[in-house]
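The structure appears below as structure tokens.
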Amino acid sequence: MNLFSPIPVRKSRLARTFIVVAPWLAYAAMAAVMLKWTWLGWADPIVDFGVEIYSAWQISEGAHLYRDVAYHFGPLPAYWNGLWFAIFGPSYHLLFLLNFLVAGAVFFLLRRILSAMAHPFAVFAALATFLLLFLCPQYVGIGNENFMAPYRHGLTHGFLCSLAALWMAYRWMQNGRAHEAAGVGLLLGLAGLAKPEVAISGLGATATVFLAHIWTQRCVSRRDMRALLAAAFGVALPVLAMWLFLSAHMSHLVAWDGIIRPWRDMAQSMPRLLSYHQWVMGIDHPLRNSIRILKWCALYAAIFSVPVATAQRLSRKSALYLSLLFGLGLTCAAFLIPFDWKEFASPLPVFMAVGIAFLARQVARQNNPRNVLRLAFLVFAFLTLLKMILNVQIYHYGFVLALPATMGVIVLMLDWAPAHLGRNKVGFQFVALCLLGIIGSFHLSLMIPFQRDKRAWVGQGGDLIRMDSSRGRGVAQFLQKAGTHIPRGASLAVMPEGVALNYLLRLTNSTSFTSLDPNTMALEQESRMLAAYQKNPPDFIALAPNDYSVFNLRFFGIDYADTTGRWIYGHYDLVLLDDLYPFEKDQSSIRLLKRRPLDHPPDAPGYDFK
């Protein structure tokens with residue numbers, strides 16, 4: 001018996017219609033509730049997200065990446081968003097709508113893939129988790145870590161393309177059509193133009209499908225060779241098209257360098273990871289993080305040992321009742337005893353590795369397309385976790401990178417594992433549902449204080465967004481006052497980051513460098529960026545302080561980029577101090593600086609960072 005097995009009774013047409021429609025009504029209700037609760041509070045105008053909307057706005061105005069806007073990421077998402085900005089006009093709300101469509105496409109693809117791998121109720125539980133915990137969450141102090149306003153659109157766009165490539169590869173394995181193989185390559189090429197990390201995951205998953213197909217055939221046929229050539233052509237096509245398009249507006253070398261730059265930066269940064277990236281991967285404290293993973297594995301093993309052990313030692317009915325009581329007791333204990341479930345995803349790489357090993361053995365023994373898809377999906381999930389292999393979490397980068405592994409574990413708990421359990425399948429599934437409810441409730445509760453604090457409105461019209469009151473009021477006041485100090489047509493540079501303020505004020509940066517955070521300065525080198533600012537100095541500089549302790553640094557102009565700070569000190573004067581923006585008590589406000597006139601004494605002191 002299975003908890004989710006259909007009851008063998010004759011159903012009326014109305015009952016059959018309800019069974020089909022009810023899940024979609026539930027999906028729509030969950031999405032509507034989450035969007036309503038978090039409405040317009042998804043983006044942060046200071047950290048990260050501003051680069052995305054500023055780049056798309058500039059593209060809609062005729063500028064180009066790599067020539068007019070320094071951009072370290074794949075060009076596809078920025079040009080896609082810029083196209084729609086050019087048609088309908090730039091706005092935050094339009095960008096949110098485009099991102100919602102991407103999230104919807106991810107949802108439908110996940111449903112297709114999971115439905116081919118698991119029972120409908122397990123699929124429903126996984127998709128409900130996506131809508132409640134991954135669509136538009138905020139588990140930390142700033143937004144940008146959700147599908148509605150991703151910190152980098154290349155991550156969500158590339159994830160969508162790689163997921164579609166996996167599904168297309170599965171279709172090819174069933175049908176063997178060359179155009180489907182070409183579609184796999186095309187989607188992988190598009191993913192490569194978005195974000196390398198997810199493109200590599202898609203490549204690994206589709207390669208798994210192809211290799212499994214060859215293994216079952218025990219040879220490489222002409223059809224397989226044609227499929228490989230079609231896939232290779234599909235990969236090259238979007239890359240070549242993008243290179244030709246960019247080459248029409250800049251030199252061929254600059255265009256090609258811009259396309260391969262994300263890949264080169266990823267390869268070059270691996271040997272010299274900054275402290276921040278080491279923390280993201282968990283290799284800053286590998287032993288401590290490995291022990292934490294083992295502790296979580298032990299906890300999950302202890303939880304599920306109850307339904308497994310009772311199935312072996314007790315009768316079917318007794319095992320079921322004991323598992324139900326254990327699940328209810330676990331739920332009550334979780335709500336009564338404080339426990340931090342934020343690191344619940346830590347052992348996901350272990351679970352994926354075990355699942356891959358098991359399914360690889362199954363595929364090697366028997367030609368089963370369903371198991372091949374399961375194997376490829378777990379490979380895809382495992383590869384997406386590599387960026388945070390010892391520090392997996394569903395917040396931060398995890399809203400995308402931990403998503404497929406989370407979906408895989410849910411169907412594992414609710415479908416795959418119970419299928420291999422001789423008795424007490426219902427008890428095992430009930431305990432799994434209780435655990436899923438506990439983790440979901442905990443993470444939703446983390447969002448409550450952040451959503452409650454989003455009382456400040458920033459921007460106007462189609463650019464109206466919500467921010468936390470502590471910073472939002474300061475940003476809104478700065479935008480209002482800066483509009484009276486900065487004449488139309490003047491140039492503005494926001495340092496170290498916060499180029500969304502340029503967009504909201506509709507003021508361009510006089511250089512191509514829009515972000516001076518430690519990571520960007522490590523990639524570009526301070527001397528090169530400063531030379532650009534010295535050659536084309538902006539009329540105004542806005543200093544929006546940010547604490548970069550995650551990089552083992554703190555403040556721009558003091559703890560790093562001190563040469564740039566001295567240049568600003570000698571050439572700019574303070575004209576506006578906004579005291580409602582409390583980042584840190586010793587750097588507590590957004591400051592607006594104005595460039596001195598040319599006849600100003602060169603040795604006179606200007607703005608003092610310290």
Side-chain angles (χ1 to χ4, degrees), residues 30-50 52-53 92-93 95-96 99-100 103 131-151 335 338-343 393-399 439-482 494 497-501 503-504 542 544-550 554 577-590:
M30 286 184 281
V33 168
M34 293 304 298
L35 291 172
K36 174 63 177 176
W37 185 29
T38 62
W39 187 248
L40 298 182
W42 308 302
D44 189 286
I46 301 298
V47 181
D48 284 337
F49 187 78
E52 301 299 306
I53 195 166
Y92 265 97
H93 296 180
L95 194 53
F96 293 154
N99 292 333
F100 178 73
L131 294 174
L132 295 174
L133 302 185
F134 289 87
L135 176 62
C136 51
Q138 182 177 341
Y139 305 124
V140 293
I142 62 171
N144 304 337
E145 295 166 4
N146 55 76
F147 274 86
M148 295 302 296
Y151 76 101
F335 284 99
F339 186 78
D340 188 0
W341 290 91
K342 189 181 289 187
E343 297 175 342
Q393 51 208 0
I394 67 168
Y395 58 96
H396 208 227
Y397 300 148
F399 78 94
I439 294 172
S441 300
F442 173 82
H443 281 79
L444 290 175
S445 68
L446 290 180
M447 295 177 59
I448 293 175
F450 298 118
Q451 296 303 321
R452 187 179 294 158
D453 189 44
K454 285 186 178 289
R455 299 191 300 269
W457 292 93
V458 175
Q460 56 186 348
D463 293 322
L464 189 65
I465 60 174
R466 282 196 306 147
M467 282 188 69
D468 55 283
S469 57
S470 59
R471 297 184 304 138
R473 288 195 301 267
V475 172
Q477 185 187 81
F478 173 81
L479 291 173
Q480 181 182 8
K481 291 184 177 180
V494 184
E497 61 180 322
V499 72
L501 300 181
Y503 165 77
L504 290 170
N546 201 346
D547 188 342
Y548 293 106
S549 296
V550 290
R554 291 207 70 190
L577 177 64
D578 164 33
D579 57 358
L580 293 180
Y581 187 78
F583 245 118
E584 292 289 338
K585 60 183 180 180
D586 51 342
Q587 284 231 335
S588 59
S589 304
I590 299 179

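Worth saying up front: this structure is predicted, and the values here are computed from it rather than measured.
Other residues, nucleotides and ligands contribute at most 12 non-hydrogen atoms within 6.0 Å of the CZ atom of Phe100. Annotation for Trp341: atom CH2 counts as buried by contact number, over 12 foreign heavy atoms lying within 6.0 Å.
Asp44 has its side chain within reach of Arg471: a pair of non-hydrogen atoms, C-beta onward, lies under 4.5 Å apart. Using a 4.5 Å heavy-atom threshold, the side chains of Val499 and Ile53 count as separate. For the pair Phe450 and Asp468, the minimum side-chain heavy-atom distance is 4.5 Å or more. The shortest side-chain heavy-atom distance between Lys454 and Thr38 does not fall under the 4.5 Å cut-off. A 4.5 Å side-chain heavy-atom check between Arg554 and Tyr548 finds every atom pair outside the cut-off. Leu444 has its side chain within reach of Met34: a pair of non-hydrogen atoms, C-beta onward, lies under 4.5 Å apart.
Of all non-hydrogen atoms in Ser469 and Asp453, the two that sit nearest each other are OG-OD1, 2.7 Å. Nearest heavy atoms, Val475 versus Pro45: CG1-CG, 4.4 Å. Of all the heavy atoms in Ala103 and Leu135, the pair that sits closest is CB-CD1, 3.6 Å. Between Leu131 and Ala31, the closest heavy-atom pair is CD2-CB, 4.3 Å. Residue Tyr139 comes nearest to His443 through the heavy atom pair CE2-O, 3.3 Å, listed as atom of the first residue, atom of the second, then distance. The two residues Ala43 and Ile465 come nearest to each other via the heavy atoms O-CD1, 4.4 Å.
For Phe96, the ring pair (Phe, Tyr, Trp, His ring centres under 6.0 Å) partners at least two apart in sequence or on another chain are Trp42, Tyr92. Contacts of Tyr397 classified as ring pair (Phe, Tyr, Trp, His ring centres under 6.0 Å), with partners at least two apart in sequence or in another chain: Tyr151.
Judged purely by atom type and a 3.5 angstrom limit, Gln138 uses its side chain to pair as donor or acceptor with the backbone of Gly141. Although no hydrogens or angles enter the test, the distance criterion places a donor-acceptor pair under 3.5 Å between the side chain of Asn144 and the main chain of Val47. Proximity of a side-chain donor or acceptor of Arg473 to a complementary backbone N or O of Ala456 within less than 3.5 Å is not detected. With Gln393 contributing its side chain and Lys342 its backbone, the two residues share no donor-acceptor pair below 3.5 Å.
The CG atom of Asn546 sits 8.5 Å away from atom CD1 of Ile46, with the distance rounded to the nearest 0.5 Å.
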Exercise. Begin from the C-alpha positions of Val140 and Leu446 and carry the test side chain to side chain contact (heavy atoms under 4.5 Å, CB included) through to its verdict.
Key: CA-CA 8 Å; Val140 293; Leu446 290 180; over 6 Å; no
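Between Phe399 and Phe147, the distance separating the two ring centers is shorter than 6.0 angstrom.
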